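Just so it is clear, the structure is predicted and the values come from calculations on it, not from any experiment.
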Amino acid sequence: MIRIALRTLRFHKGGFIASFIALFFGAAIVIGCGGLFETGLHNAAPPQRLAAAPVVVTGDQKYPGTRRDMFPERIHPDSALTDKIKAVPGVEAAVPDVSFPAALTPGGSKQPGPRVTGHGWSSARLAPERITTGTPPSGTGRVVLDARLAARTGLAPGQNITLLVHGTARSYVISGLAAGSGDPDTVFLSDQEAGQATGRPGKADSIGVLTAPGADAGQVAGAVKKAVADSGTRLQVLTGDQRGWAENPDVVAKGSKLVTLASVFGGLSAAVTIFVVSSTLGLSIQQRQREMALLRAIGTTPGQLRRLILGETLFIGVIATALACYPGPRIGRFLLGAFSDAGVVPDTIVFRAGPVPVFIGVGAALLTAVASAFIAARAAARTRPTEALAEANLQRRWFSRTRLTFALLFLGGGLALAMVTANMDGPSAGSTATPAAMLWTAGFGLLGPALAKAITAMLRGPIRSVSGLAGRLATLNAKARTGRMAGAVMPVMLATGLAIALIYLQTTQSSGSRKAFDDALRADLVVTSVAGGLPLDAVDTIRSQPGVEAASGQVASLGYIEPKNTRPDGTTGDDSADPTKVPLLGVTSEGLSRTTAWKPSAGSLDDLRGDTVALPAAFASDSGKHIGDLVPMRLGDGSRIQLKLVATVEGARGYETALLPASLLLQHTDTGLLPQIMVSSASGTSHDQLARTLSALSTSVPGLRVADRESVSAVHAEADQTQTWMSYLLLGMVVGYATIALVNTQVLATNERRREFMLQRLIGSTRRQVLQMMTVEATLVSVAGIVLGVLVAGLTLVPLSEAVLGSPVPDGSPWIFIGVVVAACALTLATTLLAAMVVLRNRPGDVVGVRE
């Protein structure tokens, strides 16, 4: 039977080409997502500034005792640790590295120039950087610029510049230019001045360890780890590509997103592949029912028939998946590059994927192909020889109990996930809505013949009344060949259902985030700084200006409420007792009620001073805390602290935030500066007038900028859009694949009907009449597929919208829906009619003779 399968391939080119396309693209996408998954596991980030240091010591950003929870603010080791590290055998030198944001302004200019990053000069040897012109910054008031930065700004040694550093303006003389392979937007100060510029003298971002000639880096790393074990700060000793974690801690936090993204969309792609391949193979086998019937009539056993179909499918699958091994990793690299360009993940993460994703992608595609072929072959194999020809002429067996059982299981799973989604927090609702969409799709796909038959019956009357004889023929065809009709409808349902559901899922979640942000904002103006932030005393300066009714500083971070059974070392010893992650907002209590919408449900926000906190009411209830109780927390830099609960606040579900005094939280952030100050104007003062008054403060508050609330909302929306952009990219790939399947299936379904078309031509039908019939059939397929797709989308989006917006109606432009529907109709009509026109170019006698 295998030899027969190989010999008959050329007589069924249309069906096998369609299966080949479905398997090829499906395997390629799964392999690409698998490569992203492995890249996220490796989290490889080759160092740049620390490239010359074989070993790097830096803070451990992971929450003790957990795997995924990360501290967002950098944990700083003591610079004094360099003495301990230098004493380790095999260590030649230990060099502390600090970094700080700044804005460079040429001397005499009033406008801030480019944003730069500053470092201490001793750390230049870690890159390494070397002086090409001038001298190092040996004293105060001296600075070295990267030669590329100097060339871009037209600066040279001996010229004066101003650096906006830590909320102040400082004058420097350029003492020299340096060259290296690191970030071109870099400046170097003396070590002492760099420490002062960070606001954390005596602390380092990381410590680069230079090993002695001939020393083994691994052994030195182990010895260094023992030497710093009792430092009192949780540290990690890094080698190899992991050294890049010290340069950019976001690699650890954001790099782990690749694992989640690849898992979700790799699974989604695999599910779509199963659906598409099953639909394509099933349609191909159904169209060969006459051939299968003849084989059964001449004595072919059911087992032989199954081996025939499995052999054909496996042959095509091996070729398709083998070819997919080439573009698959390139798809993964493309996705990683796109994420890096959008700022979703750090650009220092490199693609690291071995053969495992390839094996998984190939194995999944082949398994899908074989399983789909086995299922498709069962109907033909069960046919009794005496009924074979009748079975081929009339499709009587189009449904089964097994099909119904699995359909009900999938629909039940979709219903369960829909209920879970409706009761989840808004930001988390998408994690269950996406798999729910796939379960609904699978359930309706298995019920396809029944649903197609029902929709055809409902549309039969209107179609016949509008299209006459062409509509009558089209509806009769659909009624007689329910399986073929369902095979054509399902890809339309898949493409439209996924497109509508997943696009509106993103727009609805973005709308929920934007609404929560806008509802909390009451200020008329927002003051920011191009220098990376504003000092805390700038709040009092702004509050004292004429026309200002209230001003309140804000700084955001992330913290954790510790479990009750936390040990002194910060661990719980109980994997089920994870810390409660909570967004933190540092505020100045004066003016808070007039610049934001935060209102206490218990206690008073005026008491937010010192070591205090105002928790979301839901968090306080879950942790059993009442006003006056102490709340054990870890702040963004890992510091453990006991905070007195002085108030509880309400917040939109999923967007709850804990409030802390800004003076407290600033001590535990990387910059120690306020990113923004919210300002409300006094009665009778126009916003424009107040903006001009505040802008005049730029002489005393360097880098100060004033924006209205609409601009701030737009910036927040843009930042949120950047986060959802990666989802759109991956969803575009999945929906694009479903669209390819739609076109693929319509061409296959139409091309295999050449004998039917030629018979119509022989009995007197014109090409125009055949095309009219196919136009009505394509319209019927489009309408049925779109109705089912909209049903899938509705069942997915209604519970999601309830969770995010508190309304059953999702948010998003209606043009999205219109565009998807029009595109589905256009694609179905265009591919069907183009395929039909190609078939009708043949002479009727030739085609009928060959098939007979």
Side-chain angles (χ1 to χ4, degrees), residues 45-60 74-100 117-132 135-139 142-146 175-176 178-183 186-229 231 233 235-249 348 670:
Q48 298 176 15
R49 287 208 62 262
L50 305 175
V55 180
V56 176
V57 179
T58 190
D60 188 353
R74 185 186 282 274
I75 297 175
H76 300 274
D78 291 329
S79 300
L81 285 176
T82 54
D83 294 332
K84 278 189 175 182
I85 297 173
K86 287 177 185 178
V88 173
V91 173
E92 182 179 272
V95 182
D97 175 47
V98 298
S99 61
F100 54 90
T117 301
H119 298 276
W121 174 247
S122 66
S123 65
R125 64 187 297 193
L126 300 176
E129 298 264 358
R130 58 182 180 83
I131 292 290
T132 57
T135 61
S138 55
R142 313 283 286 180
V143 63
V144 168
L145 273 58
D146 187 282
S175 65
S181 59
D183 183 5
T186 300
V187 299
F188 293 95
L189 305 180
S190 66
D191 291 345
Q192 182 180 2
E193 282 196 293
Q196 294 173 351
T198 64
R200 298 179 299 273
K203 295 286 186 178
D205 292 347
S206 56
I207 299 173
V209 181
L210 302 177
T211 57
D216 181 82
Q219 293 180 355
V220 171
V224 169
K225 187 173 183 178
K226 293 179 180 179
V228 301
S231 64
T233 302
L235 303 175
Q236 55 184 343
V237 180
L238 308 174
T239 58
D241 286 345
Q242 291 184 343
R243 291 173 294 166
W245 299 0
E247 294 181 354
N248 187 358
T348 54
D670 287 343

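Listed here is the closest heavy atom pair of A51 and A127: CB-O, 3.6 Å. Here the closest non-hydrogen pair linking A179 and T132 is CB-CG2, 3.5 Å. Among all heavy-atom pairs drawn from P249 and R74, the shortest one is CD-NH2, 3.1 Å. Here the closest heavy-atom approach between residue A246 and residue L238 is recorded as N-CD1, 4.0 Å. Minimum interatomic distance between L210 and A53 (heavy atoms only, all atoms of both residues): CD2-CA, 3.8 Å. W245 and A45 get closest at one heavy-atom pair: CD1-CB, 4.4 Å.
D191 contributes a side-chain N or O that, together with a main-chain N or O of S122, makes up a donor-acceptor pair within less than 3.5 Å. Panel note: side chain T198, backbone R200; a donor-acceptor pair is recorded below 3.5 Å. Using modelled atom types, no side-chain atom of R130 and backbone atom of A124 make a donor-acceptor pair closer than 3.5 Å.
A side chain to side chain contact (heavy atoms under 4.5 Å, CB included) with V209 is found for exactly one of T239, I85, L126, namely I85.
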Please list, one pair per line, the donor and acceptor atoms closer than 3.5 Å that link side chains of residues 213-223 to other protein atoms, with sequence neighbours excluded.
| residue | atom | partner | partner atom | Å |
| --- | --- | --- | --- | --- |
| D216 | OD2 | G218 | N | 3.1 |
| D216 | OD2 | Q219 | N | 2.9 |

Which donor-acceptor pairs under 3.5 Å do the side chains of residues 87-99 make with protein atoms, sequence neighbours left out?
| residue | atom | partner | partner atom | Å |
| --- | --- | --- | --- | --- |
| D97 | OD1 | R49 | NH1 | 3.1 |
| D97 | OD1 | H119 | ND1 | 3.3 |
| D97 | OD1 | S123 | OG | 3.2 |
| D97 | OD2 | R49 | NH1 | 3.1 |
| S99 | OG | D205 | OD2 | 2.7 |

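Applying the salt bridge (Lys or Arg N to Asp or Glu O under 4.0 Å) rule to D60 yields the partners R234; only residues at least two apart in sequence or on another chain are considered. Scored by the ring pair (Phe, Tyr, Trp, His ring centres under 6.0 Å) test, F188 finds W121 as partners (sequence neighbours excluded). Evaluation of the salt bridge (Lys or Arg N to Asp or Glu O under 4.0 Å) rule for D78 yields K203 as partners, not counting sequence neighbours. Applying the side-chain contact (heavy atoms from CB on, under 4.5 Å) rule to Q48 yields the partners E247, T348; only residues at least two apart in sequence or on another chain are considered.
Here the straight-line distance linking atom OG of S175 with atom CG of L189 works out to 9.5 Å at 0.5 Å rounding. Atom OG of S206 sits about 10.5 Å away from atom CD of Q236, to the nearest 0.5 Å. Note that CD1 of I207 is 8.5 Å distant from OG1 of T58, once rounded to the nearest 0.5 Å. Note that OG1 of T82 is 11.5 Å distant from NZ of K84, once rounded to the nearest 0.5 Å.
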**Prompt:** What do the steps show when you test E129 against D146 for side-chain contact (heavy atoms from CB on, under 4.5 Å), and what is the final call?
**Reply:** CA-CA 9 Å; E129 298 264 358; D146 187 282; 3.9 Å; yes
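Looking at T135 and V144, their side chains never come closer than 4.5 Å, going by heavy atoms from C-beta outward.
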